[in-house]
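Owing to the predicted nature of the structure, the values given are computational and were not obtained by experimental measurement.
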Amino acid sequence: MTGFPRTSPWLLAATVALAVMLGAVAGCSSSNKKPPKLVDTAPAAPVAIAWRANTGNAALGFAPAIAGNAVYVASSRGQITSLDIDSGRTLWRADADMPLSAGPGADATIVAVGTSRGEVLAFDTGGKPLWRTKVSSEVIAPPTVANDLVVVETADNRVHGLNGSDGAAKWMLQRNVPPLIVRNTQGAVTSRGGLFFGTAGGRLLAVDLASGNTAWDVAVATPKGTTELERIADVTSRPLVEEKQVCAAAFQGRISCVEIMQGTLLWTRDIPSYSGIVADETHLYVSDDKGVVHALDKQTGASIWKNDLLNGRWPSGPQLIGHNIGVIDIDGYLHVFAAENGQYLGRLPTDGSPVTVQPQSDDNQMIWQSKEGNVFAVVPR
């Protein structure tokens, strides 16, 4: 597993913890156990590949950033590529001249990436370098870019707010670090002037984007168990931010939704997950740590359906694809389920490698990056 400083024992121990649960996805499993085989025959998924582009091998946590009519993608070796969102055509390429540990994040003016040396590099949306700055340690998640601010999360459990015009530090938020943590590669979300992100120890925070002041701090999960390994309950999903609530999932923990303004806890479900959540108008969807795909009532958390077809095949976090739900397994198969009742609709082979992080959605396209460095855009048929 890449990206953990050898000099940091608490992060090294987290590597061992992740190897147990995420080894197949990250390519560093401590056992030789293979995922269950798929059935020989299955219906073709009601989807089609709209376009495919190769942008270089990527590590766990490298996600495409969608901004305007472009998809920005980075490779572990340091290449940043801009793709046309409708065709996948390459618009430009830039080189960071060093390996990357995270990125990209983007908005209408800035594309930012991070390195294991704690450097943040910014480009304009035409690929021209803007600035480079240093933060406290390795950048572990895609930067969040909004309101002329670049926000980065670092391995020492700090969050840095950088000026979008020159990279100067505007604010910094530091959290206490538990003895063992799981590396959160999903990143933060901005909405209505707020920044929402999960932390080690199972907390979900809302922060004023301009000042870095904490608006509320809520427990998504409470550490349990007798050993430090058992007590890891870190938030590992990208927060799901909606009009009235924010939801997040925790490793070895649960899913919780809180009221967006005050942070009041609305409901929780004991479904541990590391791969992300998504919602439509009525339901919330999640893949649990065993590979079971769940649909929950968005207002109450009550179970609507679950499908265990991919149990043990390490599916990604779910994503909307038309009126259905798609997940990608360890072997790169896209599996599609009916959002209404969980019926299995079929599968689509891709490049045989797992997704780097939860797929994203834009309009009617589901977009993701594979470990082999391919970016896929898939649409309903």
Side-chain angles (χ1 to χ4, degrees), residues 1-3 18-64 71 73-77 79 81 83 87-88 90 99-100 185-186 274-276 287-293 307-321 324-337 344-361 365-381:
M1 187 172 298
T2 60
L18 275 179
V20 177
M21 300 298 290
L22 306 182
V25 175
C28 58
S29 177
S30 58
S31 73
N32 293 320
K33 185 177 179 181
K34 295 182 179 180
K37 289 185 177 180
L38 293 170
V39 295
D40 291 335
T41 59
V47 297
I49 296 176
W51 54 261
R52 167 180 175 167
N54 186 276
T55 55
N57 290 5
L60 187 70
F62 277 66
V71 180
V73 188
S75 72
S76 299
R77 292 186 177 182
Q79 188 175 71
T81 305
L83 305 171
S87 66
T90 298
L100 299 177
T185 61
Q186 300 272 13
Y274 56 79
S275 55
S287 303
D288 71 21
D289 58 4
K290 300 295 190 297
V292 180
V293 182
N307 191 311
D308 62 1
L309 178 69
L310 303 180
N311 194 351
R313 290 195 58 82
W314 309 99
S316 68
Q319 188 51 264
L320 303 175
I321 180 165
N324 298 315
I325 298 297
V327 298
I328 301 153
D329 74 10
I330 184 62
D331 292 321
Y333 283 94
L334 168 61
H335 300 268
V336 181
F337 300 86
Y344 185 65
L345 300 179
R347 69 186 186 222
L348 175 74
T350 58
D351 65 0
S353 72
V355 67
T356 53
V357 79
Q358 181 184 14
Q360 300 186 51
S361 180
Q365 293 188 114
M366 177 175 166
I367 299 174
W368 75 91
Q369 186 173 7
S370 76
K371 188 179 177 184
E372 290 298 314
N374 292 305
V375 182
F376 293 93
V378 172
V379 295
R381 279 196 285 110

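Residues T350 and N374 are not in side-chain contact: their nearest non-hydrogen atoms beyond the backbone lie 4.5 Å or more apart. The shortest distance between side-chain heavy atoms of D331 and R313 falls below 4.5 Å. Taking 4.5 Å as the limit, some side-chain heavy atom of N324 sits within range of a side-chain heavy atom of P46. L38 has its side chain within reach of D329: a pair of non-hydrogen atoms, C-beta onward, lies under 4.5 Å apart. No side-chain heavy atom of V71 sits less than 4.5 Å from a side-chain heavy atom of Q360. Between P315 and S275 the shortest side-chain heavy-atom distance does not fall below 4.5 Å. Looking at I49 and V378, their side chains come closer than 4.5 Å, going by heavy atoms from C-beta outward.
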Under the side chain to side chain contact (heavy atoms under 4.5 Å, CB included) rule, what do V73 and F62 come out as? Steps first, then yes or no, please. CA-CA 8 Å; V73 188; F62 277 66; over 6 Å; no

Please step through side chain to side chain contact (heavy atoms under 4.5 Å, CB included) for the pair L320 and I325, ending with a clear verdict. CA-CA 5 Å; L320 303 175; I325 298 297; 3.3 Å; yes

Apply side chain to side chain contact (heavy atoms under 4.5 Å, CB included) to T90 and L83, showing your working. CA-CA 5 Å; T90 298; L83 305 171; 3.8 Å; yes

Given side chain to side chain contact (heavy atoms under 4.5 Å, CB included), test I328 with F376 step by step and report yes or no. CA-CA 12 Å; I328 301 153; F376 293 93; over 6 Å; no

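No salt bridge links K371 with D351; every basic N to acidic carboxylate O contact stays at or beyond 4.0 Å.
Contact record, L334 with G326: CD1-CA, 4.0 Å, taken as the closest heavy-atom pair. Residue P35 comes nearest to G312 through the heavy atom pair CB-O, 3.4 Å, listed as atom of the first residue, atom of the second, then distance. Of all non-hydrogen atoms in A44 and R381, the two that sit nearest each other are O-NH2, 3.8 Å. Annotation for T55 and Q369: closest pair OG1-NE2, 4.0 Å, computed over non-hydrogen atoms. Of all heavy-atom pairs between A42 and R347, the closest is CB-NH1, 3.6 Å. In plain terms, the two heavy atoms of A74 and L100 that are nearest each other are CB-CD1, 3.9 Å.
Residue L345 holds its CG atom at 12.5 Å from NE2 of H335, rounded to the nearest 0.5 Å. The distance from atom CG of L310 to atom OH of Y333, rounded to the nearest 0.5 Å, is 12.5 Å. Taking OG of S316 as the start and CD1 of I330 as the end, the distance is 10.5 Å to the nearest 0.5 Å.
Without hydrogens or angle criteria, E372 side chain to S353 main chain gives no donor-acceptor distance under 3.5 Å.
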